[in-house]
Amino acid sequence: MTDAAAHTDDHGHDDHGAHEHHGPSLLFLAVIFVVLMFLTLVTVGVTVFDFGYQLNLVVALVIAFVKATLVGLYFMHLRWDPPIFGFTLAASLGFVTLFIVFSLIDTSEVLPDVEARAVQTASEATGQ
Amino acid sequence: MTTISADHAHGHDDDGHGHDHHGHHPAQAHHFESMEQQFESGKLGMWVFLATEILMFGGLFCAYSIYRGLNPDVFLFAHKALDTKMGAINTAVLLASSFTMAWGVLAISRGKPKLCLLMLVLTFIGGCGFMGIKTKEYYDKYTHAFVPGKANAFYNVGGAYTNPEKLQEGVGYIQYKQGHGDDHHGDDHGAHGGDHSEDDAEHGDAEHENDGHAAEAAEGGHHGDDAHDAGKASPAGVEAAEDTAHAAAVPAAPPPSVWPPKPVDHANIKTPANAAPATHPNFTRQAEEVADVSAVESLYKGAAKAQAQAGHAHYPGSPAELDPLSGERTHIFFQIYFIMTGLHGLHVLIGMGVLLWVAWLVAPHAWRMFVLASAPATVGLYFLIAGYLMGPVVWMLVFGGLCLAAAVAMVVMGLGKLDDDRPGAFSPEYYTPVEIGGLYWHLVDLIWIFLFPLLYLIH
Amino acid sequence: MTTLTQPGVHTDLIGKPVTDPNRETFWNASKGWASWAFTLDHKRIAVMYLIGVLAAFFLGGTMAIVLRTMLLTNSDVVAGGLGKGPTAVNFYNQAFTIHGAVMVFMFIIPAIPAVIGNMVLPMQVGAIDVAFPRLNLMSFYCWLVGALFFLAVLVMGGLDTGWTFYTPYSIRTSTAATAAVLGAFILGFSSILTGVNFVATVHMMRPEGQGWFKLPLLLWALYSTAVIQILATPVLAITLLLVAAERILGVGIFDPALGGDPVLFQHFFWFYSHPAVYIMVLPGLGVISEIISVFSRKHIFGYKFIAFSSLAIALFGFIVWGHHMFTSGQSWLLNAIFSLLTMSVAIPSAVKVFNWLATMYRGRIRLDTPMLYGMGFIWLFTIGGLTGLFLAALNTDIHFHDTYFVVAHFHYVMVGSTLFAFIGGLYYWWPKMFGKMYDEKWGRIGAWVVFIGFNLTFFIQFLAGSRGMPRRYANYPDEYQVYHHISTLGSYVLTIGLFIVLFNWIHSIRKGRPAPANPWGANSMEWQSLSPPPHLNFDTPPKVGDPYNFDGWKYDPDIDAYVMRDDYEEIMAKGQH
Ligand SMILES: [Cu+2]
């Protein structure tokens, strides 16, 4: 008995033929693809609107996350697979976030010092 | 009790991979109990590997976040060098190839190897398309000295730009793109003229700023010739002029620019040692003692950045409008761009290799040589086209021709094997390589889904 | 030692002599160099890794002795004939760099997972092999190629950045830093592949009946280690690639002269390297959990606490990296956060120590060689862990940072603990691996000499460091000489001890008594196979039970080993006691 098999059981899929895939239908995949293309257009088009530097980034990231979720869930079969796979993906994203957040806290706190250094070197470089 | 079957434990397979004779699927490795276990193990292994890929790119995203978060003006300014249209097309190409990949997995799981093969080939072509467009983009960057490393137009050592001529051309190109590329950017400029003055007044001592500009202008001795020069001078009083200049004088071609505003001190360039205070671990503290931060900040026109942070779109016309730190860091945008897209491109190439391998397995034996031939054919075509467009470059053309010849030879060999009637390696019972190869391909797509807006769509 | 009625014969699970002289073992299952070079057998890969990491340990150890010898004197007279002029100082810088880099990347990180883990992990889940045998072999070759890079570094002008490769110095140095970072990059892949394999194996290959809580604690530790290897090592990979790009192209992301941020490098580096400390020590914690329980003849105390504390250490390990950067100009907000978070790691570590002590309490303790190392481990790990709190606290760290206090602390944790677990674990699984018993008396003598030598070397460094002796310096004021003398003396004693261990092993391979199937009466599944195991690990399927229920085995003085009771399955079915 393996975890993955156990999880599949939990999900109550009935047929356990060796590799009977509970995958999507072709039509469904095509719909996802169209949605993804549409979202790509949206993410380009939305730059016409100026929400501000931060908010535009947020909008772009939200769209990217929606696209990534669609690819993950349906193209990569996470929707039908044992949860451990999706968990692996989520965990890796979580640790990347952790890494970025801590590093960003530090660098933004010391930014004034770094800027002052840049001003100093610039003034030295130009002999002011 | 344990489910390790006795026949496994007693079997003696010297190669350690025996296809044993106990009625198992021939593809089942001896250390797995069942095909199901083997399939799920393979997928878990691939997912775990994908996690490592995400963490590796995560490091780059971290560097990206920090430089973008702290130097928004750099990213607003420098990203204009990228071609949004190309990036968008590439996104679409990669999404399409992801779709065909998913279709291929669906096909083989339903027992349609030939359809699967077709889909793998289409996916492979998608990869070729992506890399082709990427090459074109890289080449465009290369012609404007937006390159990785020291030759970059904005390369800056110890506060001084090291490639003044290239810098001039690069700035001109970005200004040109700013005028032409996306029209709405020009509009934004006009719309925010008023805000600018307010912010400037709020932000710093206007007099100081004017002083700073005067000093700089005097020193550079360049001010006042054409519209772009006006664009460079951004104190409150000239703000309106700047905006008009930008909106009105959309140049027809990269114009001769007034760059550089400051004389480049070549003595400084050769001595990275002038960064000595910076390399000292305590440089930040030292710097604080030397310079009163707020005073110097206003002196050096942090206005553009402050506005960007406050949420107003302001596109600096030239690096002169960037504060000193951003000036130093402008080239880093390009370094990050090239490292991220380069590493991603490398993954696309590896993915294409995987696709080829999987396609070779999927194909009936009679077709395998043709699948194999597509590798030299692709490389050959790539070098022929690139070699022609880039010059023509003789060695690329010769190499491309040789590769094509090899492909033709392989096709001819393949023609002799058309009567081999063995089917491909996969069936609905066993197609792990298609599935996990697909997962890899989708991950490459996933990463691009983030790279595209983050690099091309900065606003 | 008991007089054995049947000396010189392997015995099986029930104490019967194995008479077949041509019995197939993984050693003789196939012959020729190619059968080793291309083997997919986890046991052979473990043996190859063992030879590799011991060679790396020898190289790193030689450097350690060289630099300790140089530190005997602070005068200009002699230190290895070089004096302390610029040449000698340069040489010293290279010696400690090579010592650190080789020990960390080539020895400590792969040692326990790649040798003991590879040997034991598949057998402890009753499997024939790890999930991906080819990746396993590839992991070994990655290690080999990475090691060759480091050898090339030695030839190409050495390396003087310290094992940490801090920018901007590592960008500017004229030594072979590019080759070194690429070597470490490749070694990282070796580590990642091992991790991927272990995760998949533990998840997918367990037999029916062996739930997560029937796993030996070594597997929990190796699993947690694998999680770190998977999540942290890629960040090291990209960090090293960026450093290589800095050196080759001058991209400037970490170079202040080019507008980059050198402290960002430290974030990158320590995001990997603090968790890497747990890559080094977690497998050791797992080994010790096995040894303590088996040699106390008592069920491990607080199984779930130990199991989850491994995972907790792995996860907490990711949120504390900034404690290496308290004096680097890191923001004070982050300093405070990291100081606080670092304290949290003490909790799961202490949970383990208390559970081991509770396991030993009122057990029937056998002071065999592995157990001596196990108890030594508890001693060293406790000292190393508690001194870590001094370094986690912001105010004391400002004083201790970059002194010998830090050197002593991490040698207690990484070297003391990991090395003790590695040697102890090798002694413990030695009979299984090589099919030979070692000499118990010399084993114990060696353990004592190593223990005394280690403490002599490093305990004094706490004192030197707290009095201000900075690390990584070739020279020092006279007042520190006495500390260096004692420390160097200790390092010689440690070396003697390690040679005793080595000779004991060599002697065992050549002259050792053939090993019984289960010399220690342990109940994890690898002991249900013959020593050494056959190519496919088990001749008969192993029986699944609680790995810490030792009631199913009884001691047979005739063979000085444990044999399986007839009613083993009933005992296992009943559960513990
Ligand atoms: Cu640490």
Side-chain angles (χ1 to χ4, degrees), chain A residues 2 4-5 18-19 21 23-24 26 29-30 33 36-37 40 43-44 47-48 50 52-56 60-61 63-64 67-68 71-72 74-76 81-82 84-85 88-89 91-93 95-96 99-100 103-104 107-108 110-122 124-127, chain B residues 35-37 39-40 43-44 47-48 51 54-55 58 61-62 65-66 69-70 72 84 88 91-92 95 98-99 102-103 106 109 158-160 184 188 262 265 268 274 278 283-284 287-288 290-291 293 296-297 300 308-309 311 313 323-325 328 428-429 439 442 445-446 449-450 453 457 459:
Chain A
T2 61
H19 289 256
H21 249 272
L26 180 58
L29 283 182
F33 173 59
L36 285 170
M37 288 303 224
T40 306
T43 196
V44 176
T47 53
V48 174
D50 179 19
Y53 186 69
Q54 307 292 358
L55 203 56
N56 269 78
L61 278 181
I63 296 175
K67 286 167 75 181
V71 171
Y74 302 110
F75 284 3
M76 298 172 96
D81 274 344
I84 179 77
F85 300 160
T88 309
L89 177 65
S92 62
L93 291 177
F95 278 90
V96 170
F99 182 31
I100 292 177
S103 307
L104 209 49
T107 45
S108 52
V110 299
L111 180 64
D113 292 352
V114 178
E115 280 177 332
R117 192 269 308 159
V119 168
Q120 189 196 357
T121 42
E124 277 167 14
T126 53
Chain B
M35 290 302 285
E36 181 75 33
Q37 187 194 27
F39 182 70
E40 298 290 348
K43 274 182 88 168
L44 178 62
W47 269 109
V48 170
I54 289 171
L55 263 297
F61 279 109
C62 179
S65 311
I66 281 164
L70 303 188
T84 310
T91 311
L95 281 175
S98 245
F99 170 60
W103 192 345
L106 185 70
S109 75
H184 56 273
D188 288 338
K262 302 176 207 165
D265 184 349
N268 271 328
N274 80 349
F283 69 87
T284 56
E288 204 164 43
V290 175
V293 181
V296 186
E297 209 174 41
Y300 271 90
Q309 277 169 339
D323 65 81
L325 181 62
E328 284 181 21
E429 285 77 43
L439 287 178
H442 293 311
D445 185 26
L446 275 187
I449 284 178
F450 285 94
L457 300 180
H459 193 83

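Numbered from 1 within each chain, the chains take letters A, B, ... in sequence-line order.
With values rounded to the nearest 0.5 angstrom, F99(A) atom CZ is found 4.0 Å from C62(B) atom SG. The line from CD1 of I66(B) to CG of L111(A) is 11.0 Å long, rounded to the nearest 0.5 Å. Residue L439(B) holds its CG atom at 8.0 Å from CG of D81(A), rounded to the nearest 0.5 Å. Atom CG of L93(A) is separated from atom CG of L446(B) by 9.0 Å, given to the nearest 0.5 angstrom. For the atom pair OG of S65(B) and CD1 of I100(A), the computed distance is 4.0 Å after rounding to the nearest 0.5 Å. Once rounded to the nearest 0.5 Å, the distance linking CG of L44(B) with CD1 of I84(A) reads 6.5 Å.
Under the 30°/60° scheme for interplanar angles, the aromatic rings of W47(B) and F85(A) are found to lie parallel. Aromatic ring pairs are classed by plane angle as parallel below 30°, tilted from 30° to 60° and perpendicular above 60°; the pair F33(A) and F99(B) is parallel.
Summarising the geometry of A51(B) relative to T88(A), their closest heavy-atom pair is CB-CG2, 3.8 Å, with the distance given to 0.1 Å. Shown here for P82(A) and E40(B), the closest heavy-atom pair between the two residues is CG-OE1, 3.9 Å. Between V44(A) and A88(B), the shortest heavy-atom distance links the atoms CG2-CB, 4.0 Å. Across all non-hydrogen atoms, the minimal contact from T43(A) to P453(B) is OG1-CB, 4.3 Å.
Heavy-atom pairs under 4.5 Å with chain A peak, among V48(B), L457(B), D445(B), at L457(B). Among S92(A), A60(A), S103(A), the residue with the largest count of heavy-atom pairs under 4.5 Å with chain B is S92(A).
With a 4.5 angstrom heavy-atom cutoff, T91(B) touches chain A only via side-chain atoms. Contacts of L95(B) with chain A are made by both backbone and side-chain atoms, with heavy-atom separations under 4.5 Å. Residue contact with chain B, scored on non-hydrogen atoms closer than 4.5 Å, is absent for A91(A).
Residues S108(A) and L70(B) have side chains in contact (heavy-atom distance under 4.5 Å, counting atoms from C-beta outward).
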